[in-house]
Amino acid sequence: MEFRSFMAEALIEARAAAARGEVPVGAVLVGPSGEVVARAGNRTRELNDPTAHAEVLVIRAGCAALGSERLLGHDLYVTLEPCAMCAAAIAAARVARVYYGASDPKSGGVAHGACVFDHPQAHHAPEVYDGFSATQSEALLRDFFAKRRG
């Protein structure tokens, strides 16, 4: 199967999150056959739920759709490096590959901070690819926080 990035779809979810006043992070879960299984943007404020990050929401939706707690062979596209909480959920769900846009030196949990997948107690370490649509992802975040500060 030829590689196709789904980061454009994740960016659509991030923009929708920003329009709702949420931190603009979007995620898309793609099945082994290349079909979009779930898509979401952050909803922590809307749901009054600190765990309602885009990654957790697509993992929940994907698992519900499959009727399984495992997402074997699935790919996750997310506009921002997953935090430690999301990285732990990704490992628990056994997501095969993670593609992310912007790095997060402050709160990331993949290449920064906890580096969850590198920890010896990680149940599973997906393949990780960074920098996908990083410029667009970074711009969304920068513009969102600039407007909040201004």
Side-chain angles (χ1 to χ4, degrees), residues 1-104 106-138 140-141 144:
M1 181 187 310
E2 186 175 313
F3 175 77
R4 175 186 172 225
S5 174
F6 287 82
M7 195 57 78
E9 288 87 341
L11 283 163
I12 290 168
E13 295 300 323
R15 288 183 193 100
R20 293 189 303 272
E22 302 276 359
V23 174
V25 177
V28 174
L29 183 68
V30 179
S33 300
E35 74 284 4
V36 172
V37 174
R39 58 181 73 231
N42 277 359
R43 291 187 179 276
T44 59
R45 292 173 183 258
E46 175 186 341
L47 300 176
N48 299 308
D49 180 355
T51 69
H53 289 196
E55 301 95 308
V56 170
L57 295 174
V58 297
I59 288 170
R60 288 175 183 163
C63 288
L66 287 174
S68 172
E69 76 279 11
R70 302 281 186 257
L71 296 170
L72 302 174
H74 287 66
D75 296 341
L76 176 67
Y77 290 81
V78 60
T79 58
L80 180 64
E81 176 184 348
C83 69
M85 174 187 69
C86 291
I90 290 164
R94 309 298 198 271
V95 171
R97 285 165 293 280
V98 175
Y99 300 88
Y100 70 84
S103 290
D104 189 355
K106 180 181 173 200
S107 300
V110 175
H112 299 91
C115 297
V116 171
F117 303 139
D118 295 336
H119 198 279
Q121 290 179 318
H123 296 288
H124 167 76
E127 295 174 30
V128 177
Y129 303 93
D130 64 348
F132 276 73
S133 301
T135 303
Q136 298 95 315
S137 298
E138 291 163 359
L140 269 174
L141 290 158
F144 176 82

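Along the sequence shown, residues are numbered consecutively beginning with 1.
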Point to revise | With E46 via salt bridge (Lys or Arg N to Asp or Glu O under 4.0 Å) - residues at least two apart | key: R20, R43
Review point. Can you name the residues that form a side-chain hydrogen bond (donor to acceptor under 3.5 Å, both in side chains) with Q136, not counting sequence neighbours?
Key: none
Point to revise | Side chain to side chain, R94 and H123, heavy atoms closer than 4.5 Å | key: yes
Revision key, fill the gap. Sorted by chain and number, sequence neighbours left out, side-chain hydrogen bond (donor to acceptor under 3.5 Å, both in side chains) with S103 holds for none
**Study point:** Sequence-distant partners of E35, side-chain contact (heavy atoms from CB on, under 4.5 Å), two or more places apart
**Key:** P32, S33, V37
Practice item. Under the side-chain contact (heavy atoms from CB on, under 4.5 Å) rule, collect the residues that match up with I12, sequence neighbours excluded. Key: R15
Would you be so kind as to tabulate the donor-acceptor pairs closer than 3.5 Å made by side chains of residues 124-135, with sequence neighbours excluded?
{"from": "H124", "atom 1": "NE2", "to": "V95", "atom 2": "O", "distance (Å)": "2.7"}
{"from": "E127", "atom 1": "OE1", "to": "Y129", "atom 2": "OH", "distance (Å)": "2.4"}

Using distance only, find each side-chain donor-acceptor pair of residues 107-117 under 3.5 Å and give its atom names and separation, not counting sequence neighbours.
{"from": "H112", "atom 1": "ND1", "to": "E81", "atom 2": "OE1", "distance (Å)": "2.7"}
{"from": "H112", "atom 1": "ND1", "to": "E81", "atom 2": "OE2", "distance (Å)": "3.4"}

Point to revise | Residues forming a salt bridge (Lys or Arg N to Asp or Glu O under 4.0 Å) with D49, sequence neighbours excluded | key: R60
Practice item. Look up atom OH in Y77 and atom CZ in R4, then write down how far apart they are to the nearest 0.5 Å. Key: 8.5 Å
Study note, to complete from the structure: R39 meets the salt bridge (Lys or Arg N to Asp or Glu O under 4.0 Å) criterion, sequence neighbours left out, with none
Exercise for review: Sequence neighbours left out, what passes side-chain contact (heavy atoms from CB on, under 4.5 Å) with A102? Give chain and number order.
Suggested key: L80, S137, E138, L141
Review point. Between A17 and P24, which heavy-atom pair has the shortest distance, and what is it?
Key: CB-CA, 4.2 Å
Throw together a table of side-chain donor-acceptor distances under 3.5 angstrom for residues 52-59, partners on residues two or more places apart or in other chains.
{"from": "H53", "atom 1": "NE2", "to": "P50", "atom 2": "O", "distance (Å)": "3.4"}

Practice item. Could you check T79 against L140 for side-chain contact (heavy atoms from CB on, under 4.5 Å), going step by step and ending with a plain yes or no? Key: CA-CA 9 Å; T79 58; L140 269 174; 5.6 Å; no
Exercise for review: For N42, enumerate each residue passing the side-chain hydrogen bond (donor to acceptor under 3.5 Å, both in side chains) test, keeping only those at least two apart in sequence or located in another chain.
Suggested key: none
